[in-house]
Amino acid sequence: MYPNALTHLARSNPFSAPLFTLQKVEEPPQSLAAEHGPRKRTLAAAAVAEGDSCEFGSSHYFIMCGIGGILSCGTTHTAVVPLDLVKCRLQVDPDKYKSIFKGFSITIKEDGMRGLAKGWAPTFIGYSMQGLCKFGFYEVFKITYSDMIGEENTYLWRTSLYLAASASAEFFADIALAPMEACKVRIQTQPGYANNLRQCAPKMFAEEGLWAFYKGVVPLWMRQIPYTMMKFACFERTVELLYKHVVPKPRAECSKGEQLVVTFVAGYIAGVFCAIVSHPADSVVSVLNKESGSTAIGVLKKLGPKGVWKGLVARIIMIGTLTALQWFIYDSVKVYFRLPRPPPPEMPESLKKKLGITE
């Protein structure tokens with residue numbers, strides 16, 4: 001039983017800080033600490049668990065997480081290129097492409113079925129690099145920030161931890177993505193400009209210099225950082241809630257397949273919210289990379305409050321499916337390579353004693 005409402009807050013705390021302070025507890029003597037060896041990581045045990053291929057938080061672990069990010073982001077974004085193409089055209093030319101179905105119809109009529117694959121190469125390269133940084137650095141920052149604030153604060157502030165780690169990772173991921181994103185949008189939204197990456201990149205550099213590839217990086221941050229913060233924080237907390245309230249048995253008793261189903265469901269729920277919070281900035285990026293010499297503020301004024309939401313339905317379908325598949329692939333890579341997969345966080349014993357929780 002919980003002794004008071006503050007204890008309940010500590011357990012549920014999704015987005016806010018705890019409304020109580022922790023009391024200082026005497027540290028164990030140095031001799032006692034020495035007997036038990038060096039202090040372990042605060043986010044999860046650093047030791048190699050039985051069946052794991054590497055230590056949690058090791059260089060090998062981070063590298064494999066990065067590879068998982070490449071596979072999850074590169075393949076999924078490339079698979080939805082046709083829908084992404086129509087979505088971009090809806091954003092930059094709503095008078096011509098009035099709906100998703102109209103967009104597909106006009107594209108096929110003008111360019112044939114092959115036209116739906118325009119921009120696949122920069123999509124694959126760009127989002128593979130983004131996935132490498134996004135998932136790899138997320139794991140790095142999550143562990144780093146956890147070690148900085150300690151085990152108890154990691155639990156109490158876990159949502160803030162997810163938000164901070166994902167925002168930090170996405171900052172670098174967008175720098176890796178920006179050049180290919182600029183090429184992709186130019187190929188998809190300017191008919192006749194270039195048919196492929198080999199034609200597009202040299203032409204953009206000759207016309208506008210290196211800036212052509214990075215003028216969209218700030219709108220990318222505006223779009224991707226909120227998207228990624230929602231993607232990781234919502235996913236992590238949804239997984240936690242699913243195991244707590246929906247799944248009829250503890251995670252440890254679930255098979256790997258059952259765990260991956262939970263991953264997919266949580267990923268789709270997170271994806272819907274991701275699409276909504278990032279769509280206005282996505283509209284700005286699409287128009288900005290289409291029109292040379294344009295600025296983010298100018299595009300925002302041109303689109304107006306209503307225009308920035310054009311193509312939202314297509315983006316929800318695309319991002320919901322894509323995010324679910326990304327998490328499913330990423331978690332599958334961890335399962336296949338036997339990487340450590342810590343369970344949803346539980347309140348540390350030291351914190352239970354401070355809160356007076358009794359079993």
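These values consider heavy atoms only, across backbone and side chains, with no hydrogens, waters or symmetry-generated copies.
Within a 6.0 Å radius of OH in Tyr336, other residues, nucleotides and ligands contribute 12 heavy atoms or fewer. Residue Glu346 qualifies as open at atom CD: its count of foreign heavy atoms under 6.0 Å is 12 or below.
Between Asp95 and Lys102 no salt bridge is recorded (no basic side-chain N to carboxylate O distance below 4.0 Å). Using a cutoff of 4.0 Å between basic side-chain nitrogens and carboxylate oxygens, Glu236 and Lys142 are scored as salt-bridged. Salt bridge annotation for Arg186-Glu208: present, with a cationic side-chain nitrogen under 4.0 angstrom from a carboxylate oxygen. A salt bridge links Lys184 with Asp84: at least one charged nitrogen is closer than 4.0 Å to a carboxylate oxygen. Taking a cutoff of 4.0 Å between a charged side-chain nitrogen and a carboxylate oxygen, Arg251 and Glu258 do not qualify as a salt bridge.
The aromatic ring centres of Phe232 and Trp327 sit less than 6.0 Å apart.
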Worked check of salt bridge (Lys or Arg N to Asp or Glu O under 4.0 Å) between Glu349 and Lys354: CA-CA 9 Å; Glu349 291 299 324; Lys354 291 179 181 180; over 6 Å; no

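Using a 4.5 Å heavy-atom threshold, the side chains of Pro345 and Thr154 count as separate.
Between Glu170 and Tyr138, the side chains place no donor N or O within less than 3.5 Å of an acceptor N or O (distance only, hydrogens not considered). If you check the side chains of Tyr330 and Thr263, you find no donor sitting under 3.5 Å from an acceptor. Residues Arg89 and Thr189 have side chains that never bring a donor and an acceptor to within less than 3.5 angstrom of each other. For the residue pair Ser350 and Glu152, a side-chain donor N or O sits within less than 3.5 Å of a side-chain acceptor on the partner. For the residue pair Tyr61 / Glu139, a side-chain donor-acceptor distance below 3.5 Å is found, with atom types taken as modelled.
Relative orientation of the Phe328 and Phe264 rings is perpendicular, given thresholds of 30° and 60° on the angle between their planes. Between Phe172 and Phe141, the ring planes lie parallel to each other; the angle is under 30°, not in the 30° to 60° tilted range.
The two residues Leu220 and Leu177 come nearest to each other via the heavy atoms CD2-CD2, 4.1 Å.
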